Each structure stands twice: as C-alpha cells, then as structure tokens.
Number of protein chains: 2
Amino acid sequence: METTQRTDQRAEQQSAAERRRRELLEAADRVVLRDGPGASMNAIAAEAGITKPILYRHFGDKGGLYAALATRHTDALLASLRAALDAPAERRERVEATLDTYLAAIEARPQVYRFLMHPAEGSPGDSGFDVGRHSAPLLRRMGEELAEVIEERVDLGPGSQQLARVWGHGIVGMMHAAGDWWLGERPCTRPELVRGLADLLWGRLAAAGDKVGGPGF
Amino acid sequence: METTQRTDQRAEQQSAAERRRRELLEAADRVVLRDGPGASMNAIAAEAGITKPILYRHFGDKGGLYAALATRHTDALLASLRAALDAPAERRERVEATLDTYLAAIEARPQVYRFLMHPAEGSPGDSGFDVGRHSAPLLRRMGEELAEVIEERVDLGPGSQQLARVWGHGIVGMMHAAGDWWLGERPCTRPELVRGLADLLWGRLAAAGDKVGGPGF
DNA sequence: GACTCTCGTTACCGCAAGTAACATATGCAG
DNA sequence: CTGCATATGTTACTTGCGGTAACGAGAGTC
C-alpha cells in the first residue's frame with residue numbers, strides 16, 4: 001500500500017531526524033562545555049562533523065539551538081529538584097535536600113551551570129531580543145515549580161497563591177545567587193552553606209538580637 | 001613660570017578629557033537606554049557625534065565602556081540602598097525600606113536594570129571572558145554590602161562573619177530574582193511584594209502549618 | 001619653521017551569524 | 001530508463017560588529 005509505505009517512510013525519516021537532532025545536541029553540548037557559552041556555530045558544526053547550514057535547518061538560529069540545549073539540562077535539573085522537593089519528609093529536611101541538590105548540581109558541572117545562567121545575549125543585527133531566553137526561563141521555571149509545591153503543601157491563608165509565587169521566585173533567587181557566589185569563592189563547605197540558607201529561611205534573621213557590644217556604640 | 005603653565009595646561013586637559021568622558025558616557029547611556037544592552041559601538045559613537053576609535057581611546061574596549069557605565073549606575077543604586085539600610089529604624093522596617101528602594105529603582109528604569117543585570121557577554125575572538133563583568137559585580141557588591149551591615153548590626157553568634165555573607169548574598173539574590181519576575185509579570189503591587197518577601201525573611205515559612213485539607217489527602 | 005600632543009577621521013581586518021544556490025542520494029510514478 | 005519530489009549535504013556569499021592602523025588638522029613650545 002502506498003499510504004502505509006509513505007507513512008513508514010515518513011516515520012522513519014522523522015525518527016532519523018530526531019536521532020540526528022539528538023546527535024547534534026550532544027555535539028553542541030561537548031563544545032559548549034569545552035568552550036563556554038561563547039561557542040560558535042562553526043565550532044559546533046565541526047564537532048558534529050557537518051557544516052553550519054544543517055544546524056540552521058534543524059534549530060532555526062543560534063537561539064533555537066541554545067534553547068534546545070538549555071531545555072535538556074533544565075529538564076534534568078528540574079527533575080532532581082522535584083524529587084528532593086516531593087520527598088516524604090519534614091519540611092525543613094526537604095528544604096535542605098533541595099538546596100543541597102541544586103548546589104551539588106552546579107558544583108558538579110559548573111560549565112553547564114554557567115551556560116544556563118549566563119548565556120551570551122549577543123544581538124546580531126537589529127533584533128536584539130530573539131536570542132538568549134535561557135537564563136530567565138530556568139530561574140522562572142524553578143520559581144514556578146517551587147511556588148506550586150509551596151502552594152499545595154503549605155497553609156498560607158488568604159492570598160496564598162500569590163504569596164507562594166513570590167516566595168517561590170524569591171527562594172529560587174536566593175539559592176541561585178548564594179550558589180553563584182559560593183561557586184566563585186568557595187568560602188565554606190556545601191553543608192555549611194545549606195545550613196546557613198535554611199537558617200535564613202527559618203527566620204533566624206528575625207530571631208537574632210541586635211549587636212550592642214560593638215566598638216563605641 | 002613654565003612648570004605652573006604646564007601644570008595648568010595638563011590639569012585643564014585632564015579636566016577637559018574627563019568632561020569629554022562624561023559626555024561620552026551620557027551618550028552611551030542614552031543609546032543603551034534606547035536600544036537595550038545590545039547597543040553597538042557605532043551607534044554610541046554616532047549618538048555622541050563622533051566615531052568609534054575615540055570611544056576606544058577613552059575606554060579601551062567595549063567591556064571598558066560598559067564597565068564605566070555600569071559603575072555609574074551601580075554606585076548610584078548602592079548609595080540609595082545604603083541609605084535605606086543604615087536608617088535609624090527597626091530592623092524589619094529597614095529591611096522593607098531596602099527592598100522597596102531596590103524595587104522602586106528597577107521599576108523606574110527597567111532598561112538600566114536590564115543592562116546591569118543581563119549584559120551581553122559576547123566573546124569576540126578567542127578571549128571569551130574579557131568582556132562583561134557587570135552583572136556579577138552589581139549583585140556581588142550588593143551582597144557584600146548587605147553582609148557588612150548584617151555582620152555589624154546583627155548578633156549571630158560564632159561564625160557570624162561567614163553566615164552574614166551567606167545571608168547577604170542570599171537575600172540580595174532573593175530580592176533580585178523576585179524583582180525580575182515581578183517586573184516581567186506585574187502580578188501584584190510593589191508594597192505587596194515587599195511585604196511578602198519580608199514575611200518570608202521573617203520566618204513565616206517555618207511558622208506556617210501544613211496544608212491538610214487538600215483534595216484527596 | 002620644526003616638534004609634539006591630542007582630537008578626529010577614513011579605511012581596513014578578522015570573525016561570527018545567517019542565507020542562497022548548488023550538488024547528490026533515494027524512492028516512487030509513468 | 002526517465003522524470004520528479006524530498007531530505008541531506010556542500011561551498012560561497014552577505015551583512016554587521018568589535019577592534020585597529022594609518023593618516024590629517026589644530027594648538028602650544030622651542
């Protein structure tokens with residue numbers, strides 16, 4: 001039958017194209033991990049053993065490729081975070097596990113992290129904003145996910161949904177900034193950082209007393 | 001006297017050069033505010049009524065110009081924040097004032113904010129990291145300043161310095177991410193956001209009860 | 001008048017993003 | 001076997017940007 005044949009062919013080609021896409025993404029991954037976020041399309045194409053136009057046929061433009069790449073890693077990271085977040089444990093324990101999961105991830109693959117968070121936003125031509133929608137998406141998605149979990153598990157009274165979103169994004173930002181700083185300076189061990197942040201979230205800032213024994217005051 | 005003459009001349013030229021530099025920076029500011037962080041050197045030079053090489057003579061490279069630009073705004077913002085942070089008021093009031101100051105600033109000039117936080121890290125040639133050291137510096141500086149204030153005014157017991165830095169960077173990150181999200185979606189008013197974040201810092205996450213009345217659980 | 005110093009220009013290089021046009025293999029209709 | 005449609009791949013090009021070299025003009029100094 002012609003139709004089935006055509007369908008089979010289509011399907012085969014589709015899957016072949018998807019396999020190809022995966023290969024290209026893995027090649028791009030290697031290059032980005034090696035050269036940082038500034039990796040050029042030529043370099044990626046060379047690593048994949050092909051030339052530029054094929055990349056463009058598959059991903060549209062550089063932003064598309066980067067978005068596809070970012071989505072892969074983002075999905076992976078979000079899955080681990082969700083696991084830590086949904087564990088059947090005490091709230092504080094879950095918070096600490098989530099923080100630790102995130103920090104362990106960025107510690108294990110700082111290049112990936114840098115790519116996801118500090119991508120090149122070079123705007124070629126006059127467009128200016130069609131490229132580089134990666135760093136925001138990851139933080140946003142993490143914030144939204146956390147907001148969901150908060151909203152469905154913590155009793156916040158009226159206006160809980162809005163408050164949960166504020167907290168979700170706020171906590172994610174706290175985790176992100178502290179992690180970025182920690183990764184750069186390594187001022188303490190990971191458990192120490194986790195504990196410090198959890199203490200902050202647990203209201204130690206409000207509970208601590210004023211310092212009065214200071215010099216001359 | 002020749003020396004005084006030469007000195008006067010030198011000083012005059014120095015001040016003239018500095019005035020020029022200020023003019024150039026203001027022109028660059030206008031362009032960046034109009035075209036976003038992807039503004040080209042050509043565009044900036046045109047806005048200033050001159051051509052590229054002069055910009056390069058003054059600022060070295062694009063990174064230099066952006067750094068100078070960023071420093072201006074960063075200094076201004078840090079000054080306001082320090083004022084709010086050092087006000088003679090209750091701790092919670094100070095925290096809310098600081099949050100509000102920051103949010104008001106990014107609300108008033110979102111383009112400046114975007115430039116400071118999401119700069120183009122385009123790596124020309126093989127260098128890759130000589131350009132674009134702006135976004136990290138602002139967050140880092142804010143984090144360090146906040147850490148100082150915390151350390152000198154809050155009694156945190158042993159290990160206070162390290163803990164203060166963790167908190168400083170964490171709180172700044174929380175403020176930043178929440179502000180970024182809020183600026184994009186405008187899900188609530190500024191005072192609501194301030195209050196939500198302050199509540200988070202005040203331990204409401206730990207104090208809130210579990211939600212048990214959910215569907216099927 | 002020759003020297004130098006700063007401000008300014010035009011014209012160029014290198015490089016990267018993105019595109020157009022061409023080449024080739026494969027499967028199917030007649 | 002010939003036509004043709006489709007996906008895959010190539011070379012060669014255009015455009016635009018960051019950055020630089022080489023040159024020119026005014027002003028003070030000896």
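As the structure is a computational prediction, the values presented were derived from the model and not from experiment. The chains referred to below are lettered A, B, ... by the order of the sequence lines, with proteins before strands, and numbering in each begins at 1.
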Is the phosphate of dG9(D), meaning OP1 or OP2, less than 4.0 Å from a side-chain N or O of R20(A)? yes
I want to verify a distance call: between dT10(D), dA17(C), dG18(D), whose nearest atom is closest to the I50(A) side chain? dT10(D)
Any idea how F115(B) and Y66(B) line up, ring-wise: parallel (<30°), tilted (30 to 60°), or perpendicular (>60°)? perpendicular
Nucleotide [N], atom [atom2] - distance to [atom1] of [X] in whole Å:
X	N	atom1	atom2	result
N42(A)	dT10(D)	CG	P	12 Å
R57(A)	dT10(D)	CZ	P	10 Å
F59(B)	dG19(D)	CZ	P	14 Å
L55(B)	dG8(C)	CG	C1'	12 Å
I54(B)	dC5(C)	CD1	P	19 Å
Y56(A)	dT14(D)	OH	C1'	13 Å
Y66(A)	dA17(C)	OH	P	7 Å
D35(A)	dC15(C)	CG	P	15 Å

Indicate, with a heavy-atom threshold strictly under 4.0 Å, whether T51(A) touches base, sugar-phosphate, or nothing. base
5'-most contact on DNA chain D (nearest-nucleotide basis), K52(A) vs H58(A), goes to H58(A)
Can you confirm whether the side chains of H73(B) and D29(B) place a donor and an acceptor under 3.5 Å from each other?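 Yes - a donor-acceptor pair under 3.5 Å links their side chains.
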Indicate yes or no: at least one non-hydrogen side-chain atom of R141(B) is less than 4.5 angstrom from one of D75(B).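 A side-chain contact exists here, since the closest heavy-atom pair is under 4.5 Å.
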Would you call E96(A) and R195(A) a salt bridge, using N to O less than 4.0 angstrom? no
